[in-house]
Amino acid sequence: MLNIKLIVIGKLKENYLKQASEEYLKRLSRFARVTVTELPEERLAENASKKEEERVKEAEAQKILSRLRENDFVILLTPDGKMMSSEDFARYIEDRALAGTSSLIFCIGGSLGHGEALKKRADLEISFGRMTFPHQLFRVLLLEQIYRACKINANEAYHK
């Protein structure tokens with residue numbers, strides 16, 4: 001059984017997002033071992049400079065990097081990453097599992113994105129499109145797409 005880990009900056013604050021996340025985690029449990037690690041966001045002043053924003057991104061990147069092991073396959077979610085269809089995403093997950101990858105680590109950064117140190121460590125960057133999503137909502141979108149990928153790979157019907 002594949003291990004999938006989400007390492008995310010920030011906590012889910014809204015009950016509807018918590019409920020949706022829990023529902024997808026429950027559905028995924030028959031396909032993979034999925035865990036979510038929430039790491040605290042760095043504080044940022046409202047009128048922060050670019051230098052301060054970079055400091056925050058790097059501090060959050062270091063928090064994520066401290067949770068990674070050498071053999072983890074790390075996937076960053078970023079607007080500049082590779083775009084895939086749901087079928088391509090499913091095939092990619094299946095290919096990684098067949099190649100012997102034991103843990104897929106999906107990283108969702110804070111509101112400023114990922115720091116350079118984490119980008120250098122990543123094995124893949126993927127995008128769900130050029131639109132901007134709140135990172136708490138994006139966690140639910142990612143869990144839904146992982147669930148959809150598992151259903152596709154199991155040749156089970158799922159709405160289109």
- Of all heavy-atom pairs linking Ser127 and Gly81, the shortest is CB-O, 3.4 Å

- Item | Validation row: Ile4, Leu2 side chains within 4.5 angstrom (heavy atoms) | yes

- Is the backbone of Leu112 close enough, under 3.5 Å, to the side chain of His135 for a donor and an acceptor to pair up by distance? no

- Just how far is it from atom CZ of Arg121 to atom SG of Cys107, taken to the nearest 0.5 Å? 8.5 Å

- Can you tell me how far the CG atom of Leu17 sits from the CD atom of Glu22, to the nearest 0.5 Å? 11.0 Å

- Side chain to side chain, Arg69 and Ser103, heavy atoms closer than 4.5 Å: yes

- Item | Rounded distance [0.5 Å steps], CG in Asp88 versus CD1 in Ile152 | 9.5 Å

- Query: Is there a side-chain contact between Glu42 and Lys63, using heavy atoms and a 4.5 Å cut-off?
  - Reply: yes

- Kindly work out whether a path of hydrophobic side-chain contacts (I/L/V/M/F/W/Y, heavy atoms less than 4.5 Å apart) joins Ile126 to Val36. yes

- Nearest-0.5 Å distance, CG of residue Asn153 to CD of residue Glu87: 10.5 Å

- Message: I'd like to know if Tyr16 and Leu142 are part of one continuous hydrophobic network [Ile/Leu/Val/Met/Phe/Trp/Tyr, side-chain heavy atoms within less than 4.5 Å].
- Response: yes

- Side-chain heavy-atom pair Phe31, Glu156 within 4.5 angstrom cut-off: yes

- Message: I want to check something: taking the side chain as every heavy atom from C-beta on, are Ile146 and Phe106 in contact at a cut-off of under 4.5 Å?
- Response: yes

- Query: Do Val56 and Glu53 come close enough that some side-chain heavy atom pair is under 4.5 Å?
  - Reply: no

- Treating Ile, Leu, Val, Met, Phe, Trp and Tyr as nodes and any side-chain heavy-atom pair under 4.5 angstrom as an edge, say whether Leu141 and Met131 lie in one connected cluster. yes

- Item | Side-chain ion pair, Lys13 and Glu41, N-O less than 4.0 Å | yes

- Message: Apply side-chain contact (heavy atoms from CB on, under 4.5 Å) to residues Leu143 and Leu6 and explain how you reach the verdict.
- Response: CA-CA 9 Å; Leu143 288 170; Leu6 277 63; 3.8 Å; yes

- Note, Lys82 side chain near Glu125 side chain (heavy atom, < 4.5 Å): no

- Note on the structure: Of all heavy-atom pairs linking Ile108 and His114, the shortest is C-CE1, 3.8 Å

- Task: Just do the salt bridge (Lys or Arg N to Asp or Glu O under 4.0 Å) check on Arg55 and Glu58 with the steps written out, would you?
- Result: CA-CA 5 Å; Arg55 185 204 62 78; Glu58 288 306 321; over 6 Å; no

- Message: When you measure from the side chain of Ser49 to the backbone of Glu52, do you find a donor-acceptor pair of N or O atoms at a distance under 3.5 Å?
- Response: yes

- Does Lys57 pair with Glu60 as a salt bridge, N-O distance under 4.0 Å? no

- Message: I need the Arg91 CZ to Ser86 OG distance, nearest 0.5 Å.
- Response: 11.0 Å

- Query: Is a salt bridge present between Glu144 and Arg148, judged by a nitrogen-to-oxygen distance below 4.0 Å?
  - Reply: yes

- Query: Just checking, Arg96 and Phe73: is the charged tip under 6.0 Å from the six-membered ring centre and within 45° of the axis?
  - Reply: yes

- Task: Search all heavy atoms of Ala20 against all heavy atoms of Val140 and return the closest pair with its distance.
- Result: CB-CG1, 3.7 Å

- Message: If hydrophobic clusters are built by linking Ile, Leu, Val, Met, Phe, Trp and Tyr wherever their side-chain heavy atoms come under 4.5 Å apart, do Val8 and Leu44 end up in the same one?
- Response: no

- Verify the ring-centre separation between Phe138 and Phe128: is it less than 6.0 angstrom? yes

- Message: Starting from Tyr92, can I reach Met83 by hopping between I/L/V/M/F/W/Y residues whose side chains sit under 4.5 Å apart?
- Response: no

- Basic-acidic side-chain contact under 4.0 Å: Glu54, Lys51: no

- Message: Tell me whether Arg67 at atom CZ has more than 12 heavy atoms from other residues, nucleotides or ligands lying less than 6.0 Å away.
- Response: no

- Query: Quick one: CG on Leu28 to OH on Tyr24, what's the gap to the nearest 0.5 Å?
  - Reply: 9.5 Å

- Item | Electrostatic pair Glu38-Arg139, nearest N-O below 4.0 angstrom | yes

- Message: Is there a salt bridge (Lys or Arg N to Asp or Glu O under 4.0 Å) between Arg27 and Glu23? Walk through the geometry before answering.
- Response: CA-CA 6 Å; Arg27 290 180 186 190; Glu23 178 63 26; 3.0 Å; yes

- Task: Could you list who else is in Leu118's hydrophobic cluster, with ILVMFWY side chains joined at under 4.5 Å, directly or through other members?
- Result: Ile7, Ile9, Leu39, Ile64, Leu65, Leu68, Val74, Leu76, Ile105

